[in-house]
Amino acid sequence: MIKARVTVTLKNGVLDPQGKAIEGALSGLGFEGVGHVRQGKVFDLELEGSDTAKAEADLKAMCEKLLANTVIENYTISIA
């Protein structure tokens with residue numbers, strides 16, 4: 001069994017209204033000095049087998065086809 005984490009974030013230059021809302025809410029809660037908040041998504045997956053090269057290739061295909069909108073998002077893959 002292979003455990004992996006995929007982190008998806010917006011590319012630099014892409015507007016992030018949710019991140020801006022979080023930034024404002026943190027300020028409203030008294031957390032001063034917080035700026036440039038960007039939000040993203042995290043996927044934890046378990047894949048059958050032990051071939052990490054195949055797992056990494058499969059994870060990349062999953063990101064390209066479903067997990068990330070590669071026009072506006074970047075993704076990183078880490079295998080435990």
(Q) One pair to check against side chain to side chain contact (heavy atoms under 4.5 Å, CB included): Phe43 and Met62. What are the steps and the verdict? (A) CA-CA 11 Å; Phe43 300 93; Met62 290 176 203; over 6 Å; no
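- Panel note: side chain Glu46, backbone Ala4; no donor-acceptor pair is recorded below 3.5 Å.
- Considering all non-hydrogen atoms of both residues, Ile77 and Glu56 come closest at CD1-O, 4.3 Å.
- The number of heavy-atom neighbours closer than 6.0 Å to CG of Leu15, taken from other residues, nucleotides and ligands shown, is 12 or below.
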Q: Assess whether side chain to side chain contact (heavy atoms under 4.5 Å, CB included) is satisfied between Tyr75 and Thr9, documenting all intermediate values.
A: CA-CA 6 Å; Tyr75 62 88; Thr9 56; over 6 Å; no
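- Within a 6.0 Å sphere centred on CG of Asn12, heavy atoms belonging to other residues, nucleotides or ligands number 12 at most.
- Here the straight-line distance linking atom NZ of Lys3 with atom CD1 of Ile79 works out to 13.5 Å at 0.5 Å rounding.
- Val42 approaches Arg5 most closely through the heavy-atom pair CG1-NE, 3.5 Å.
- Once rounded to the nearest 0.5 Å, the distance linking CG of Asp16 with NZ of Lys11 reads 15.0 Å.
- Leu67 and Val71 fall into different hydrophobic clusters, where Ile, Leu, Val, Met, Phe, Trp and Tyr residues are linked whenever their side-chain heavy atoms come under 4.5 Å apart, directly or through other members.
- Put simply, the side chain of Arg38 never gets that close to the backbone of Lys20: no donor and acceptor are under 3.5 Å apart.
- For the atom pair Cys63 SG and Asp58 CG, the distance stands at 11.0 Å (nearest 0.5 Å).
- Here the closest non-hydrogen pair linking Leu45 and Val6 is CD1-CG2, 3.9 Å.
- Remark: the backbone N or O of Leu10 is not paired with any side-chain donor or acceptor of Asn74 at under 3.5 angstrom.
- In this structure, Ile22 and Gln39 approach most closely via the heavy-atom pair CD1-CB, 4.2 Å.
- When atom types are taken as modelled, the side chain of Lys65 and the backbone of Lys60 share no donor-acceptor pair closer than 3.5 angstrom.
- Contact between Ile2 and Ser50 at its shortest, heavy atoms only, is CD1-C, 3.7 Å.
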